[in-house]
Every structure is written in structure tokens, then in C-alpha cells.
Student: 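Got a structure for you, questions after.
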Amino acid sequence: MFEDVRDLYNATILARGRKPLHMRRLGEFDGTARGDNPMCGDRVQVWVRRDGAGAVAEAGFEARGCEISKASADLMVEAVQGHGAAQIGQMFAQFTTMARTGACPDCAAFTALRPLASVHEYPSRVKCATLPWHALMAALHGQEQASSE
Amino acid sequence: MNDVAQNFDVGRIRGEFPILGQTVRGKNLVFLDSAASAQKPRAVIEAMVGAMQTQYANIHRGLHWMSERTTEAYEGARDAAARLLNAADRHEIVFTHNSTEGINLLAHSYGRGVLKPGQAVVVSEMEHHSNFVPWQMLRDAHGIELRVAPVTDSGELDMAAYEALLADDRVGLVAITHMSNVLGTYTPAARIVSLAHAHGAKVMLDGSQAVVHRRVDVQALDVDFYVFTGHKLYGPTGIGVLYGKRALLDEMPPFMGGGDMISSVSVRRSTWAEVPHKFEAGTPAILEGIGLKAAIEFVEAIGYEAIAAHEAALTDHALARLSGVDGLSVIGRAQDRGGVVSFTLEGAHAHDVATLLDRAGIAVRAGHHCAEPLMHRLGLQSTARASFGIYTTHAEIDALADTLAQVREFFR
């Protein structure tokens with residue numbers, strides 16, 4: 001049973017969704033934003049601390065939501081480590097494309113995010129995967145709120 | 001099982017719903033999301049297609065045969081709705097696009113036109129957002145106080161607290177659901193109304209869910225306003241009903257201006273048509289009205305006694321089967337409840353539960369069900385919800401329970 005959903009609920013997603021490695025609020029941070037998916041009630045708060053050069057030195061999140069949104073947030077935190085806002089913006093665009101289409105034009109940059117590619121086969125769940133990224137982008141741009149709508 | 005339930009042939013009823021023969025992901029469709037929107041019987045589909053093919057024109061204004069026939073068919077829906085609710089007068093049936101529009105119409109016209117700043121409106125904690133937000137907007141725009149009647153831990157309206165909210169006689173209107181879309185709880189409508197009237201308040205019941213499952217008699221309830229929507233009652237989307245007592249509707253100013261709602265228009269001023277047309281500006285949802293009439297006749301032919309008996313048996317079966325699933329908690333323990341069951345599954349978020357059920361061909365709703373205040377009250381972010389219709393079978397509920405046990409294993 002459910003063998004056909006193992007593409008989405010693969011080992012990485014299940015592990016990270018259930019026991020995220022980066023689910024914590026930062027004591028010191030340069031930006032934080034809340035992401036809401038008003039249609040389903042999912043919510044994520046993302047914190048970022050940047051280094052002298054403006055790159056992300058540390059990030060963390062708290063989330064109430066499904067396995068997909070938590071796993072996505074957890075993998076995102078790792079993927080953006082050490083990158084600046086412009087680069088992260090590019091990753092966000094690539095990630096959104098991957099989540100919507102399954103295609104991964106420049107995947108070398110974020111191999112670690114590939115476990116989420118199958119979400120495109122579940123259109124109602126794409127927003128679960130992209131929600132933390134919307135919150136992160138808001139936090140990087142000094143905004144407090146974001147929506148995946 | 002009583003005679004009524006024995007005469008209820010679910011197989012024959014399912015045969016009236018073409019979509020139930022569809023497969024989803026190679027599996028038979030198990031549709032347990034009727035509380036969001038119900039499937040449509042052949043009678044509704046054929047009435048709408050038939051009108052477009054043989055008998056269609058704009059209504060109320062044409063002086064030609066097609067317009068007259070279409071007007072008759074559309075106005076027949078008003079008679080059907082009046083009969084369904086046992087309204088005293090067909091003019092008490094105002095067509096809207098859905099329940100949300102009916103409530104907004106009331107909040108706008110009765111709220112601003114009749115209620116005075118300083119008066120209060122009472123809603124309950126278990127309202128759908130559609131019966132919360134219009135009143136918050138009225139509060140902010142018109143100086144109306146908004147009071148919220150609490151819900152008990154078992155998911156029922158706290159009647160003592162409700163009565164206390166009425167005590168100062170400043171409440172002008174009570175707007176409360178007749179059946180919760182999350183918990184399946186029926187509210188004690190007759191008592192809600194009699195208590196409100198004793199304190200000088202009018203009452204609107206949101207019947208979006210209730211009218212699907214049990215007979216509603218607005219005269220017996222003595223309720224002042226009642227709203228429902230067609231698409232949950234096996235009818236089309238885009239058509240709903242606001243019932244109002246004639247004297248109250250007469251007192252209310254129009255909601256929207258335009259064609260069809262006027263008596264006369266000059267450059268200087270306009271006068272309004274009589275109710276219900278005063279509230280029905282513009283070309284209405286003609287085909288949807290014709291579809292609603294067919295839906296009401298379909299429900300009437302089966303009969304509310306049979307529908308209620310079937311759904312009570314389904315609900316009992318669902319509560320028994322679901323409570324046997326390890327880690328599953330049914331939300332709400334109301335004494336009087338209908339065919340809507342919300343639940344959480346330990347170790348699995350409702351969205352993940354819904355996605356896995358979908359892979360087994362089972363359609364349920366997951367999320368906050370447009371009832372965030374209730375979710376907050378119950379300390380929940382989201383639930384999964386199975387809801388039943390006249391076509392739901394015991395076997396489908398067994399499939400749900402069996403699959404949920406496997407979902408539990410999957411996430412263990």
C-alpha cells in the first residue's frame with residue numbers, strides 16, 4: 001500500500017519532516033518573517049543571521065504544517081547557508097520551477113533539494129513546499145510576512 | 001433498521017449520479033467531501049442542459065415565448081425553495097449566488113439599514129468564515145458590537161453563555177450555524193430562536209450544511225432569516241437562497257443596484273421593486289436556478305426521513321469504525337450530530353493524511369475548513385474531515401477506516 005507515494009514521501013522527506021535538524025528560533029538574527037498559506041492554515045516562521053559580507057551565516061525555522069512543508073524548510077536552511085540574497089533569489093526561482101514542473105534546470109547548485117522534485121505531481125501540495133522559501137525571501141528583504149498564494 | 005431505512009436503496013440512488021462511476025488513479029472514487037460540495041444527480045444535469053438546448057432566454061422582461069417559458073422555469077425554483085423551507089410566502093425567497101452572498105446581503109441591508117450603532121450581533125465560535133467576516137466588517141463600518149457565543153469542549157453551543165449574551169437586550173440579530181461544517185454538530189435552532197426573540201433579537205440560521213441532512217421548517221422554527229446554498233444540496237454552484245420573513249425583507253433597503261430590482265428609474269431618483277426582486281439586481285443565475293429546482297425535487301422525492309435515517313446510520317457506523325483506528329481522535333462529541341466527521345491522526349498531519357487517502361481514491365477535506373476561530377478554540381491547526389451524502393455507503397466508510405489504519409502505519 002502507498003508504494004506509489006514513495007516518490008513524494010521518500011526517506012529524506014519523511015526523516016526531515018518528522019525530525020527536522022534546523023527547527024529552532026535564532027537568538028540573534030538580522031531578519032525574520034512569517035509565511036502563511038491562508039487556504040490550508042500552514043504557517044512557518046524563518047529567522048536568518050547574516051555575516052559581514054551579507055551571506056546567510058545561520059538560519060532556522062519553526063513550523064506548524066505537514067511533512068512536506070517542514071522537510072522543505074529544513075532542507076532550505078542547509079541549501080542557503082553561505083549564500084547571499086541575490087543568489088538565494090535565484091535558488092528560490094529554480095526551486096519554484098522544480099516544485100511546479102519537476103524539471104530541475106540547474107540542479108547541481110542544490111542537489112540536496114531534489115527529494116522535493118516529485119511534489120509537482122501533487123498540485124495541491126506545491127505550496128507546502130514553497131511556503132518556507134516565501135518566508136525566507138521576505139526575511140531577507142526586511143519584510144515580516146509572506147504568503148504562498 | 002426501520003422501514004424508512006429499509007426502503008432506502010443507496011444503489012439505486014448512486015445510479016443517479018454519473019460521476020460516482022468514475023475511477024481516480026485507477027481506483028473507484030470514494031467521495032467523502034460532500035460537505036464542501038456535493039455531486040450532481042442526472043436530474044440536475046439534464047434540467048440545465050435541457051434548458052440550454054430547448055428553452056432559454058433572459059427572464060422577467062422578454063415579451064416573447066422563450067422568455068416567458070424560461071421565466072416560468074426559473075420562478076418555479078422559487079416555489080420549490082419556498083416549499084423546501086415551508087416558507088409562508090414565495091416572495092420570502094431571495095435568490096443569491098451562495099450562502100456567503102446571502103449573509104453579506106443581510107449584513108449589509110439589515111445590518112446597516114435596520115440595526116443601529118450600539119446594537120450587537122451574536123455569532124458562535126463554530127461559524128464558517130462566511131458567517132464571521134461579514135459581521136466583523138459590519139462592526140468596523142457601522143459601530144455594531146460583535147459578540148461570540150462560546151462552544152463547549154464537546155463541540156456544542158454553550159447555551160448558558162449564549163443566553164447571557166442576550167441578557168442586556170442590546171442584541172439586534174443572532175447569526176448562528178444550524179449545523180457545524182467541521183464538527184457535524186446541530187445547534188438547538190428552536191431554542192436559539194425563542195431565547196433571542198424573548199430578548200428582542202432576530203435570528204439568522206446558516207443552513208448550508210443542515211438543509212442537506214434534515215427537514216427545515218422556517219415557520220415551525222419561527223426563524224427570521226435562513227440561508228443555504230444550492231451546490232451542497234446536489235444542485236449547481238452559483239445559486240443560493242436567503243429566506244426572510246416578509247415584513248423584515250420589506251423593511252430592508254436594497255443590497256445592490258441595477259436592472260431587475262427597480263420599480264422606476266428617472267435621472268433624479270429610482271424606486272425599488274417589491275421583494276424579493278428588490279434584492280435581485282441584474283440577470284440572475286437562470287440556469288442554476290433551474291438546476292436548483294431539479295435538485296430540490298430530487299431530494300423531496302427521496303424524502304428527508306429516509307435521508308436522515310441513512311445518514312444517521314452512516315454517522316454511527318463511521319464513529320464506530322474510526323474510533324477503532326489506532327491513534328485516531330474524532331473531534332467533537334456532540335449529542336446531536338450529522339454526517340460530518342472531523343478527525344486527527346497521531347503522527348500524521350491532516351494534509352499528509354489527505355494526500356495518502358487520495359492515492360487510494362478517497363476524497364476528504366483537510367485543513368482549517370474555513371473555521372479558524374473554532375480550530376483555535378479546540379487547540380487544533382487542522383483536521384481531516386470525511387462528510388457524507390445520500391450516495392455514501394457503509395463500504396466506503398469501511399474503506400476509509402481500513403486505509404487510515406494503513407496511513408497510520410505509513411507514518412509510524
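Just so it is clear: chains get the letters A, B, ... in the order the sequence lines come, proteins before strands, and each one is counted from 1.
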Student: Write out, in numerical order, the residues from residues 12-29 of chain A with a heavy atom short of 4.5 Å from a heavy atom in chain B.
Tutor: A:L14, A:R18
Student: Does anything in residues 57-70 of chain A get under 4.5 Å of chain B by heavy atoms, and if so which residues?
Tutor: A:R64, A:G65, A:C66, A:E67, A:I68
Student: Does anything in residues 354-364 of chain B reach chain A? List residues with heavy atoms under 4.5 Å apart, or say none.
Tutor: B:T355, B:L356, B:R359, B:A360
Student: Salt bridge (Lys or Arg N to Asp or Glu O under 4.0 Å): which pairs involve residues 363-375 of chain B, sequence neighbours left out?
Tutor: none
Student: One thing to verify: whether B:R25 and A:D4 come together as a salt bridge, which I'm taking to mean a side-chain N less than 4.0 angstrom from a carboxylate O.
Tutor: no
Student: Around atom CD of A:E144, are there more than 12 heavy atoms of other residues, nucleotides or ligands at under 6.0 Å?
Tutor: no
Student: Is B:V353 in contact with chain A via its backbone, its side chain, both, or neither, using a 4.5 Å heavy-atom distance?
Tutor: neither
Student: Roughly how far, to the nearest 0.5 Å, is the CZ atom of B:F410 from the CD atom of A:E3?
Tutor: 7.5 Å
Student: Atom NE2 of residue position B:H394 - does it have more than 12 heavy atoms of other residues, nucleotides or ligands inside 6.0 Å?
Tutor: yes
Student: Mark yes or no for whether A:R43, through its side chain, and B:Q381, through its backbone, hold a donor-acceptor pair below 3.5 Å.
Tutor: no
Student: Using non-hydrogen atoms only, which part of A:F2 is less than 4.5 Å away from chain B: side chain, backbone, both, or neither?
Tutor: both
Student: Quick one: pull up NE2 in B:H368 and CG in A:D42 and give me the separation to the nearest 0.5 Å.
Tutor: 9.0 Å
